[in-house]
Amino acid sequence: EVQLQASGGGLAKAGGSLRLSCAASGLTFSEYVIAWFRQAPGKEREGISCMSYRDGKTYFADSVKGRFTISSDSAKNTLYLQMDSLKPEDTAVYYCATPQYAGVCPVSFYRDIWYAYWGQGTRVTVSS
């Protein structure tokens with residue numbers, strides 16, 4: 001059974017940094033896609049990044065491009081989302097997700113329809 005566990009959220013000041021983790025089990029990490037989404041209060045869920053090991057590509061939404069980066073530790077089956085230069089508008093619950101099948105990030109990676117498995121979410125609050 002595929003399981004994802006997101007962690008690392010917390011409180012940060014504007015301009016600060018946080019690193020989120022997504023620990024995966026039940027899948028071959030190097031064959032899969034891991035995406036990050038977030039949902040701010042009163043807003044729809046937003047896809048912000050996607051990484052696929054198969055083709056080595058990563059994608060970011062314009063809202064986080066240049067501020068967020070992705071790294072991984074395949075030995076730990078864990079993907080990290082490094083969030084720098086945080087803004088109050090980054091406040092949200094962050095989720096990691098993966099599709100049902102191995103592959104590469106879809107062109108429209110930011111659409112949640114592509115993902116079958118979701119972590120439980122970790123809350124990020126950025127104060128001004």
Side-chain angles (χ1 to χ4, degrees):
E1 179 185 4
V2 175
Q3 291 187 332
L4 302 175
Q5 185 169 0
S7 62
L11 180 63
K13 293 184 178 179
S17 300
L18 283 173
R19 189 178 77 162
L20 305 185
S21 301
C22 177
S25 62
L27 54 81
T28 303
F29 202 59
S30 61
E31 293 290 321
Y32 272 76
V33 163
I34 301 290
W36 284 96
F37 284 75
R38 67 185 182 185
Q39 188 164 21
K43 294 188 177 181
E44 293 187 353
R45 190 159 52 186
E46 174 191 16
I48 59 171
S49 73
C50 185
M51 177 178 183
S52 60
Y53 281 93
R54 183 168 287 186
D55 61 4
K57 293 185 178 181
T58 57
Y59 302 88
F60 294 93
D62 288 344
S63 57
V64 304
K65 196 174 295 181
R67 301 187 297 120
F68 291 10
T69 56
I70 289 178
S71 63
S72 65
D73 185 339
S74 58
K76 295 182 179 180
N77 267 21
T78 299
L79 189 81
Y80 303 101
L81 181 68
Q82 179 67 39
M83 307 187 297
D84 298 319
S85 301
L86 284 165
K87 303 176 181 180
E89 50 263 45
D90 294 320
T91 294
V93 177
Y94 285 70
Y95 302 88
C96 54
T98 191
Q100 185 173 4
Y101 302 106
V104 297
C105 292
V107 173
S108 56
F109 71 90
Y110 45 85
R111 298 186 67 189
D112 58 11
I113 61 170
W114 301 118
Y115 306 96
Y117 302 101
W118 294 80
Q120 83 285 9
T122 184
R123 186 175 300 276
V124 171
T125 302
V126 183
S127 62
S128 57

**Request:** Would you give the length of the straight line joining atom CG of L4 to atom CG of N77, rounded to the nearest 0.5 angstrom?
**Result:** 10.0 Å
**Prompt:** If you look at every heavy atom in L27 and A24, which pair is closest and at what distance?
**Reply:** CD1-CB, 4.1 Å
**Request:** Please identify each residue that fulfils salt bridge (charged side-chain N to carboxylate O under 4.0 Å, His left out) with R54, with sequence neighbours left out.
**Result:** E31
**Item:** Residues in side-chain contact (heavy atoms from CB on, under 4.5 Å) contact with V64, at least two apart in sequence or another chain
**Value:** R38, I48, F60, R67, F68
**Prompt:** Who else is in Y80's hydrophobic cluster (ILVMFWY, side-chain heavy atoms under 4.5 Å, direct or via others)?
**Reply:** none
**Prompt:** Between OH of Y32 and OG of S52, what distance do you get to the nearest 0.5 Å?
**Reply:** 13.5 Å
**Asked** Listed by chain and number, what are the salt bridge (charged side-chain N to carboxylate O under 4.0 Å, His left out) partners of D55, not counting sequence neighbours?
**Response** none
**Asked** Are K65 and D62 ion-paired here, with the side-chain N under 4.0 Å from a carboxylate O?
**Response** yes
**Item:** Contacts of type side chain to side chain donor-acceptor pair (under 3.5 Å), residue S108, not counting sequence neighbours
**Value:** W114
**Request:** Mind checking salt bridge (charged side-chain N to carboxylate O under 4.0 Å, His left out) for D112 and listing every partner two or more places apart, or none if nothing turns up?
**Result:** R45
**Prompt:** Do you know the tightest heavy-atom contact between A14 and P88?
**Reply:** CB-CD, 4.1 Å
**Message:** Looking only at the side chains, is there a donor atom on one of S74 and Y53 sitting less than 3.5 Å from an acceptor on the other?
**Reply:** no
**Asked** Taking all non-hydrogen atoms of both residues, which atom of Y95 and which atom of Q39 are closest, and how far apart?
**Response** CE1-CB, 4.4 Å
**Asked** Is it the case that one hydrophobic cluster holds both V104 and I34, taking links as side-chain heavy atoms less than 4.5 Å apart, direct or via other members?
**Response** no
**Request:** Apply salt bridge (charged side-chain N to carboxylate O under 4.0 Å, His left out) to K57 and list each qualifying residue two or more places apart in sequence or on a separate chain.
**Result:** none
**Message:** I need the minimum non-hydrogen distance between L86 and A12, along with the two atoms involved.
**Reply:** CD1-CB, 3.8 Å
**Request:** Mind checking side-chain contact (heavy atoms from CB on, under 4.5 Å) for A23 and listing every partner two or more places apart, or none if nothing turns up?
**Result:** T78
**Asked** Got a sec, which residues hit side-chain contact (heavy atoms from CB on, under 4.5 Å) with S127, two or more places apart in sequence or on another chain?
**Response** K13
**Request:** For Y94, enumerate each residue passing the ring-ring contact (aromatic ring centres under 6.0 Å, His included) test, keeping only those at least two apart in sequence or located in another chain.
**Result:** none
**Co-membership, hydrophobic cluster, residues M83 and Y110, 4.5 Å side-chain** = no
**Item:** Shared hydrophobic cluster for V33 and I113 (ILVMFWY, side-chain gaps under 4.5 Å)
**Value:** yes
**Complete:** Between the CG atom in L81 and the OG1 atom in T69, the distance rounded to the nearest 0.5 Å is 7.5 Å
Under 3.5 Å donor-acceptor pairs involving side-chain atoms of residues 115-122, not counting sequence neighbours:
{"from": "Y115", "atom 1": "OH", "to": "F109", "atom 2": "O", "distance (Å)": "2.7"}
{"from": "W118", "atom 1": "NE1", "to": "Y115", "atom 2": "O", "distance (Å)": "3.4"}
{"from": "Q120", "atom 1": "OE1", "to": "A6", "atom 2": "N", "distance (Å)": "3.2"}
{"from": "Q120", "atom 1": "NE2", "to": "A6", "atom 2": "O", "distance (Å)": "2.8"}
{"from": "T122", "atom 1": "OG1", "to": "G9", "atom 2": "N", "distance (Å)": "2.9"}

**Asked** Does D90 reach the side chain of L18, with side-chain heavy atoms less than 4.5 Å apart?
**Response** no
**Fill in**
When rounded to the nearest 0.5 Å, the distance separating OG of S21 from CD of Q5 is 10.0 Å
**Asked** Which atom names give the shortest non-hydrogen contact between I70 and S49, and what distance separates them?
**Response** CD1-OG, 3.5 Å
**Message:** So does T91 get a backbone contact from the side chain of T125, meaning a donor-acceptor N/O pair under 3.5 Å?
**Reply:** no
**Prompt:** Quick one: does S72's side chain get under 4.5 Å of M51's, heavy atoms only?
**Reply:** yes
**Prompt:** How far does OG of S7 sit from CG of L20, to the nearest 0.5 angstrom?
**Reply:** 8.0 Å
**Hydrophobic cluster (4.5 angstrom, side-chain heavy atoms) - remaining members for Y101** = none
